[in-house]
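Below is one structure, written out as structure tokens; the observations come after it.
First listed ligand is number 1; within each ligand, the first listed atom is number 1.
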Amino acid sequence: MLPPADSLAPEWLVVPEDANDLASGVWPASAVRDADGVLEIAGVSAADLARTYGTPLLVLDEDEVRGRARAFRTAFDQAASDHGTTAQVYYAGKAFLSTTVARWVVDEGLRVDVCTGGELEVALAAGVSPESLGFHGNNKSTAELERAVIAGVGTIIVDSAIEIERLAAITARTGAVQRVLVRVISGVHAETHEFLATAHEDQKFGFPLAEAEVAVARIRELPGLDFAGLHCHIGSQIFGVAGFRESASRVLELHAALLDGGPVPLLNLGGGFGIAYTRVDDPTPIEVLAGEIVSAVAEGCAARGIPVPALSFEPGRAIVGTAGVTLYEVGTTKDVTVESGAVRRYVSVDGGMSDNARTALYGAQFSARLASRIGVGEPQLSRVVGKHCESGDIVVDHEYLPADLVPGDLLAVPATGAYCASLASNYNHVPRPPIVAVRDGRSRIIVRGETIDDLLARDAGIDGAHAPEGDR
Ligand code: LLP
């Protein structure tokens with residue numbers, strides 16, 4: 001069905017036959033409607049979840065996370081063994097990290113990539129073996145690096161010449177030998193939002209290919225550093241394989257040149273694998289991606305007459321993204337008529353840009369469905385907005401929702417497992433929502449919700465709040 005000619009709907013958004021359907025690939029595989037039409041995830045009713053934990057609520061389907069972690073591991077193991085090498089998969093914790101999720105992915109055979117001292121502490125608190133951690137970041141402080149070296153973090157991915165000298169000093173002081181990778185920018189501009197592309201030239205990460213040789217030479221002369229190879233991450237939410245192939249080929253040129261000066265056992269090609277946020281998104285299946293990327297590396301190595309290195313990858317979004325569904329309660333609805341006469345319905349929910357900043361930050365598209373019942377009204381072009389004090393506080397920019405949506409209804413936004421909780425804020429002093437894991441008909445809190453007491457606790461002007469540390 002096509003929207004009316006004066007519709008405010010974007011071209012890609014089609015009027016659904018049924019505004020209650022759950023598009024496949026966008027929701028966790030376990031998401032269904034029960035006999036009463038209520039959304040159910042992993043056998044747990046959204047209405048029960050909202051009653052038990054309140055809204056907004058981030059629901060994470062444990063089996064979806066575990067299944068995707070396993071699928072990545074199996075796909076890359078298979079592709080690597082087809083080409084006579086091995087592959088490690090690191091879960092990129094920046095997508096969403098809690099001790100529980102760290103344990104799930106480790107349980108499924110993954111390692112963990114952290115990119116700040118805070119993420120490092122969560123992974124260590126989860127009991128992840130330090131040896132299986134990778135530590136990223138363009139501005140790791142001396143204190144963060146020292147903590148990582150002393151804790152025995154397996155790999156530190158160095159990002160600058162200054163960081164090399166920081167590590168040289170730390171390892172000289174502690175007597176440790178630290179394995180490092182050198183992050184390079186391959187010059188490939190991934191086809192994604194500008195802020196999500198990370199390997200083009202004019203940005204802050206890594207060494208340009210032309211400067212990396214000098215960095216590697218310096219590392220090789222330091223007794224406390226063990227150079228293991230190169231790292232390149234081209235960006236995030238990428239659908240095709242062309243960018244990965246091109247980048248791998250450019251990085252292999254340098255990898256081959258570095259073999260003249262000593263061993264280069266590893267190559268880490270980062271993460272960035274896209275997921276479906278709406279029904280029009282069509283990510284490449286992981287088996288295909290893994291096969292094509294590893295083949296590209298193997299072909300590049302064969303062409304240069306060099307051995308295929310051990311490979312690693314760092315998916316974040318593709319592991320947790322689809323596993324997350326955010327539940328909101330509808331508070332108000334408002335039909336706004338614009339100059340052309342077209343109408344857009346604003347549906348205000350009890351969260352917003354504080355629990356999902358992606359729409360405001362990247363113009364990201366999400367989808368939504370009425371979760372507490374089947375809607376019987378015609379599909380109505382709607383915009384789901386939050387409760388924050390600015391008009392850019394949009395959760396779902398464009399969606400057709402049943403016209404009979406009313407205050408008190410529950411709304412579910414799928415594909416919020418990645419980069420929603422991890423980007424959450426307290427804007428307007430809105431507490432961050434709890435995170436609940438669901439599996440086999442049961443639910444449990446994995447991160448408790450923030451309370452007003454939590455918010456007040458840091459305000460030194462309130463009696464009984466955290467005492468000020470004194471005048472400075
Ligand atoms: N490895 C490195 C070095 C990275 O910088 C990233 C993401 C990843 C792996 C994982 O990428 P993924 O597989 O999740 O695409 N906040 C943005 C995404 C920022 C990604 C930053 N780096 C968003 O909400 O889309």
For [X], atoms of ligand 1 separated by under 4.0 Å from a heavy atom:
{"X": "Ala92", "result": "8 (C), 9 (C), 10 (C)"}
{"X": "Arg358", "result": "23 (C), 24 (O), 25 (O)"}
{"X": "Asp113", "result": "1 (N), 9 (C)"}
{"X": "Gly316", "result": "12 (P), 13 (O), 14 (O)"}

Min N/O separation [X] to ligand 1 under 3.5 Å:
{"X": "Glu314", "value": "yes"}
{"X": "Gly272", "value": "yes"}
{"X": "His231", "value": "no"}
{"X": "Ser236", "value": "yes"}

Does the residue Pro315 have a heavy-atom contact with ligand 1, meaning some pair of atoms that are separated by less than 4.0 Å?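 Distance cut 4.0 Å: Pro315 passes for ligand 1.
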Cation-pi check, Arg183 to Phe205: give yes when NZ or CZ is under 6.0 Å from the six-membered ring centre and within 45° of the ring axis, no otherwise.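 Yes, a cation-pi geometry.
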Verify whether one side chain among [X] and [Y] offers a donor that lies under 3.5 Å from an acceptor in the other.
{"X": "His233", "Y": "His136", "value": "no"}
{"X": "Tyr90", "Y": "Asn268", "value": "no"}
{"X": "Tyr419", "Y": "Arg358", "value": "no"}

Asp393/Tyr427 under side-chain hydrogen bond (donor to acceptor under 3.5 Å, both in side chains): CA gap, chis, key distance, verdict: CA-CA 11 Å; Asp393 172 28; Tyr427 185 37; over 6 Å; no
Find the distance between CD (Gln365) and CH2 (Trp12) and round it off to the nearest 0.5 Å.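 Answer rounded to 0.5 Å: 4.5 Å.
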